[in-house]
Amino acid sequence: MNNIMIGRFIPGDSWVHRLDPRTKMIATFIYILVMLWSNSWQTYAWSAAFLILLIKLTQQPFSLYWSGLKPIFWLILFTVFLQILFTPGEPVLFKAGPIIVTLPGIINAGYVIVRFVLIILMSTILTLTTPPTSIANALESLLGPLKKLRVPVAELALMLSIALRFVPLLMDETQKIMNAQKSRGMSFSNGGPIKRAKAIIPLLIPLFVGALQRALDLANAMEVRGFKDATQRTKYRILHYQQVDRIAFLGLGSFVAIFFVIKFIFHI
Amino acid sequence: MIEAIKINNLKYSYQGSQQLFDDFNLTIQVGQWVALVGHNGSGKSTLAKLILGLIVANSGDIDVFGERLSVATVNHVRAQIGMVFQNPDNQFVGATVADDVAFGLENMQKPSSEMPKLIDEALEIVGMQAFKNREPHMLSGGQKQRVALASVLALNPKIIILDEATAMLDPEGRDMVMQTLQKLKARFGSELTLITITHDMDEASLADRVVVINDGKLILDGEPATVFSERDIMHSNGLELPFAGELLAKLDKRPNSYLDERELVQWLSHLKK
């Protein structure tokens, strides 16, 4: 299962790769936040243009990002469906009993698609250009103040990086178990929803057992290599806030500023 | 002279099951390459876990370089022993090869500035420096095990234990790992004590000394040639001989002593003349 993009990192030496992971994280967060204010096609167009520029800067092919969108296709479809069915307003385009489709509903649905796609693409840029260890380090650094409240930030960050590291492995294992069961006549795609849900149980049990075994093995391997606790460690990848990061924040600032200017001009 | 590992009157049983080790004794000299062999469930992997303090013996002593293993010394003892486990995926902690080698260094609280050099050196020894920025799923099993070996080497251990490290590999991966081990032994000589736990006899035949255990008891102990001449004892303990050994036993006219594969080929080609 090589098409799963969650947490997948592609090594590279682009300008985006070289950014401090904290910069990328904050930028992603701000971008997502700004998206929630977007409510006209002009602001969406501007956000999309900015995103395409970023994708170009990562020097990775668009197809890679496209495959990152596939897993959430059904989620998008579901939300679109809700938008179309439950947005009130005028003019009404179609009416059949309790089902009312309005023009604002269609427009909102379109916005939702764009918003979803942009948010997912932005997060994909972060995970694609940042090794999981660096994401974890960035999180640890950004959440640092919480240590004073006795939140085990270092432990959480290490857990996150190990979890991300095991995602592709567990995907592989799922595929193997599915193939093994298919070869013995199990079907995962036929029958009603209840029958399909039942087919998942014999898949989940071996997967869980395998994951627990891995966890035990990994714990041994970590202990043998001198792991005591997550706080008493030095770091191989040190975070450097540099010139590129200042430029990145400048770019982000201009994006946000122009975004609100557009929003104000086309005030809706 | 201090022994690398000295095990005295070791007793151990898994909870609720019968005694696995009962008064077990074993001494391993500094710089030796010892192959610990036995069939599944013979206790050989348990022994490795006991030496590292991952599980605790019921009674008896384990000394590592003269230091008695206890709650107080376990971290110091572990710092001198490196271990490579069976499953290549379940011991790969980092997101990339370099990150994985760095994991142990981070635990030892080495300064960040020294890490790149130490990582490069360790990867160079196992011939994996070209893969430094690769992710684990882009590597073969043999390559992952060599990275695991590099991760261990970066910490400068005096003892390396390989617990069935080649059992899940294809023949090519197995050869790669065994070649790397021979290179290590040639490079570090008597500074490195090597313990390979295995049930592959061709692998065991590379060691200086073979120790056969079964049901927690020491069955045979000696040089490969000596141990492999005890075909009946090996078989009754569920073990085969290396290919050369099995072949030797089937010959009508055979040499007086045990021969390894190369020696046997020579001996056989002399027969023809």
Side-chain angles (χ1 to χ4, degrees), chain A residues 1-2 4 7-13 17 21 127 130-137 154 158-173 176 210-240, chain B residues 45 48-49 51-55 74-116 118-119 131-138 148 151-152 154-155 157 160-161 163:
Chain A
M1 268 203 184
N2 281 325
I4 292 295
R8 174 105 178 268
F9 162 63
I10 311 276
D13 193 35
H17 279 90
T127 50
T130 322
T133 355
S134 294
I135 294 184
N137 278 355
L158 187 72
M159 267 165 60
L160 177 76
S161 77
I162 290 174
L164 288 175
R165 137 97 186 88
F166 275 87
V167 167
L169 215 60
L170 291 177
M171 288 288 175
D172 266 356
E173 201 155 286
K176 266 185 211 155
L212 287 178
Q213 186 55 51
R214 277 184 202 285
L216 288 175
D217 283 0
L218 189 73
N220 274 342
M222 286 169 70
E223 251 188 273
V224 165
R225 283 203 257 156
F227 181 79
K228 287 182 278 288
D229 71 80
T231 47
Q232 296 177 37
R233 308 179 71 227
T234 48
K235 293 226 151 51
Y236 167 52
R237 293 183 190 273
I238 333 163
L239 305 179
H240 285 298
Chain B
S45 290
K49 286 187 181 151
I51 294 170
L52 278 154
L54 289 171
I55 48 178
V74 68
N75 282 331
H76 187 250
V77 166
R78 275 185 200 160
Q80 304 177 59
I81 309 178
M83 179 141 165
V84 178
F85 295 88
Q86 181 174 6
N87 190 319
D89 283 311
N90 296 359
Q91 54 187 316
F92 209 110
V93 189
T96 66
V97 168
D99 281 291
D100 191 57
V101 180
F103 179 78
L105 297 170
E106 292 174 327
N107 291 334
M108 294 297 151
Q109 305 194 26
K110 294 263 184 236
S112 309
S113 54
E114 287 177 23
M115 280 191 208
L118 293 170
I119 292 170
F131 298 86
K132 197 178 162 191
N133 293 315
R134 295 284 182 92
E135 295 164 87
H137 64 86
M138 296 155 91
S151 304
V152 157
L155 303 176
I160 296 180
I161 305 177
D163 185 3

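Side-chain contact, B:Asn133 with B:Thr96: no donor N or O sits under 3.5 Å from an acceptor N or O. Between the side chains of A:Asp229 and A:Gln232, at least one donor N or O sits under 3.5 Å from an acceptor N or O.
Neither the backbone nor the side chain of B:Pro157 comes within contact range of chain A, judged by heavy atoms closer than 4.5 Å. Contact annotation for A:Arg165: only side-chain heavy atoms (C-beta onward) come within less than 4.5 Å of a heavy atom of chain B. Of the atoms belonging to B:Met83, heavy atoms from both backbone and side chain fall under 4.5 Å from chain A. At a 4.5 Å heavy-atom cutoff, the contact between B:Phe103 and chain A is made by backbone and side-chain atoms alike. Residue contact with chain B, scored on non-hydrogen atoms closer than 4.5 Å, involves the side chain of A:Ile238 exclusively. With a threshold of 4.5 angstrom between heavy atoms, B:Leu105 approaches chain A through N, CA, C or O but not through any side-chain atom. Of the atoms belonging to B:Ala154, not a single heavy atom falls under 4.5 Å from chain A. Within the 4.5 angstrom heavy-atom criterion, only side-chain atoms of B:Asn75, from C-beta onward, approach chain A.
Within a 6.0 Å sphere centred on NZ of A:Lys228, heavy atoms belonging to other residues, nucleotides or ligands number more than 12.
Options B:Leu155, B:Val93, B:Leu52, B:Asn87 differ in how many heavy-atom pairs under 4.5 Å they form with chain A, and the most are formed by B:Val93. In terms of heavy-atom pairs under 4.5 Å with chain A, the best-connected choice from B:Ala98, B:Ser113, B:Ala148 is B:Ala98. Most heavy-atom pairs under 4.5 Å with chain A: of the set B:Arg134, B:Met108, B:Arg78, this distinction falls to B:Arg78.
Ionic pairing of B:Asp100 and A:Arg225 is present here: one or more N-O contacts between side-chain nitrogen and carboxylate oxygen are shorter than 4.0 angstrom.
The shortest side-chain heavy-atom distance between B:Leu54 and A:Glu223 falls under the 4.5 Å cut-off. The shortest distance between side-chain heavy atoms of A:Pro21 and A:Leu239 falls below 4.5 Å. Using a 4.5 Å heavy-atom cutoff, the side chains of B:Asp163 and B:Val84 are not in contact. No side-chain heavy atom of A:Lys235 sits under 4.5 Å from any side-chain heavy atom of B:Met115.
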